[in-house]
Amino acid sequence: MNKIKNIGVLTSGGDAPGMNAAIRAVVRAAIYYDLEVTGVLRGYEGLINGDFIEMDRKSVANIIQRGGTILKTARSDAFRTIEGRKEAYRQLKEKQIDALVVIGGDGTFTGANLFSHEFDIPVIGLPGTIDNDLEGTDFTIGYDTAINTVINAVDKIRDTAESHDRLFIVEVMGRDSGLIALRSGIGVGAEAIMIPEANMGVEGLVARLEIGRKDKASKIIIVAEGDDLGGAFNVGEVLKQKFPNYDIRVSVLGHIQRGGKPSCMDRVLASRLGVTAVEGLLAGKSGVMAGLVNKELIFTPFDHAIKHIDAKEISPAWLKLVEILSL
Ligand code: F6P
């Protein structure tokens with residue numbers, strides 16, 4: 001195996017708070033181990049276009065607390081093609097980058113998985129997504145910040161909901177995953193939580209609201225954007241028919257969930273995983289994602305990390321907890 005001298009680092013897919021802390025950790029670890037480190041701008045698009053910047057200690061100073069990603073991010077259609085990936089490899093060779101750290105979610109790792117099998121270049125992933133929908137890590141970088149953003153917003157909604165005796169339907173992010181909705185819903189004491197992994201449907205939702213306290217006029221329903229009913233506005237329409245006496249409002253939290261200063265949990269997770277990724281590359285690892293499971297830093301093959309989201313957290317025990325707490 002070639003000795004690694006220059007590591008490329010990129011962020012790809014939806015951004016997540018803590019990505020900057022992860023970039024910083026990769027850069028600082030690379031320098032610590034006497035390696036060069038090159039930033040790739042705008043994810044795989046930048047790789048294909050040869051959009052590279054040299055990075056040093058100073059280029060990652062004062063970013064640990066910043067949301068977003070200083071390397072910018074994108075979703076690349078070109079990288080889904082073999083021609084695109086060939087060009088990316090050519091650019092890496094030309095720049096003498098001999099290993100890659102990719103920070104992103106399942107789309108990022110799908111590309112990384114292909115790339116690391118097709119070409120002779122080690123690739124390690126860091127789980128950077130607010131959705132937390134990756135196996136091989138208890139939490140992804142950005143999830144903790146996002147759920148705290150949600151509970152801060154919904155606590156405010158709860159104030160006005162209670163003043164007006166209103167039912168609020170709040171939509172949170174999670175196109176394919178209900179993990180943001182589940183935890184934040186428990187955290188705000190939601191009367192119902194609607195998630196794609198356990199669709200309750202109209203009947204289930206109505207039943208849940210009917211079992212709930214009749215004397216409590218204000219209610220909060222948290223809906224994951226990927227829920228079967230098709231988002232908060234659709235849920236609102238359905239409930240208006242079923243409960244004409246409720247004063248119903250809908251609030252879609254949207255991209256505020258992706259921004260903001262990362263929480264301490266996310267900064268520390270990103271920092272630990274960033275250093276682990278560089279050490280993993282030096283130890284000869286490739287085609288894997290670094291993660292933290294039960295307090296242990298581990299590596300999980302990309303195809304396992306991206307294919308097992310259903311099993312992750314939404315067990316019957318969690319659903320029962322939601323049911324008990326919503327009484
Ligand atoms: O980052 C993941 C995610 O937040 C999904 O939950 C959401 O559906 C998606 O990003 C939306 O991202 P964009 O607006 O960038 O397409």
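Whatever order the structure lists them in is the order used to number ligands and atoms, beginning at 1.
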Among all the protein's non-hydrogen atoms, which is closest to atom 12 (O) of ligand 1, and how far away is it? Arg258 NH1, 2.9 Å

Return the closest protein heavy atom for atom 4 (O) of ligand 1 as residue, atom name and distance. Met173 SD, 3.1 Å

Would you tell me which option among Arg175, Arg75, His255, Gln257 has the nearest heavy-atom contact to atom 14 (O) of ligand 1? His255

Validation row: Thr160, Lys156 side chains within 4.5 angstrom (heavy atoms): no

Would you check if Leu179 and Asp131 make a side-chain contact, meaning some heavy-atom pair closer than 4.5 Å? no

Rounding to 0.5 Å, atoms CD1 (Ile48) and NZ (Lys86) come to a distance of 13.0 Å

What I want to check is whether the side chains of Gln241 and Glu237 have a donor and an acceptor closer together than 3.5 Å. no

Salt bridge check, Arg272 against Glu279: does any charged N sit closer than 4.0 Å to a carboxylate O? no

Report the nearest protein non-hydrogen atom to atom 5 (C) of ligand 1: residue, atom name, distance rounded to 0.1 Å. Asp131 OD2, 3.4 Å

Hey, what's the ring geometry for Phe115 with Phe79, parallel, tilted or perpendicular (30° and 60° as the breaks)? tilted

Just jot down the ligand 1 atoms closer than 4.0 angstrom to any heavy atom of Gly174, in number order. 6 (O)

Write out the residue and atom name of the closest protein heavy atom to atom 8 (O) of ligand 1, then the distance separating them to 0.1 Å. Glu225 OE2, 2.7 Å

Answer with side chain, backbone, both or neither: which part of Ile130 has a heavy atom less than 4.0 angstrom from an atom of ligand 1? side chain

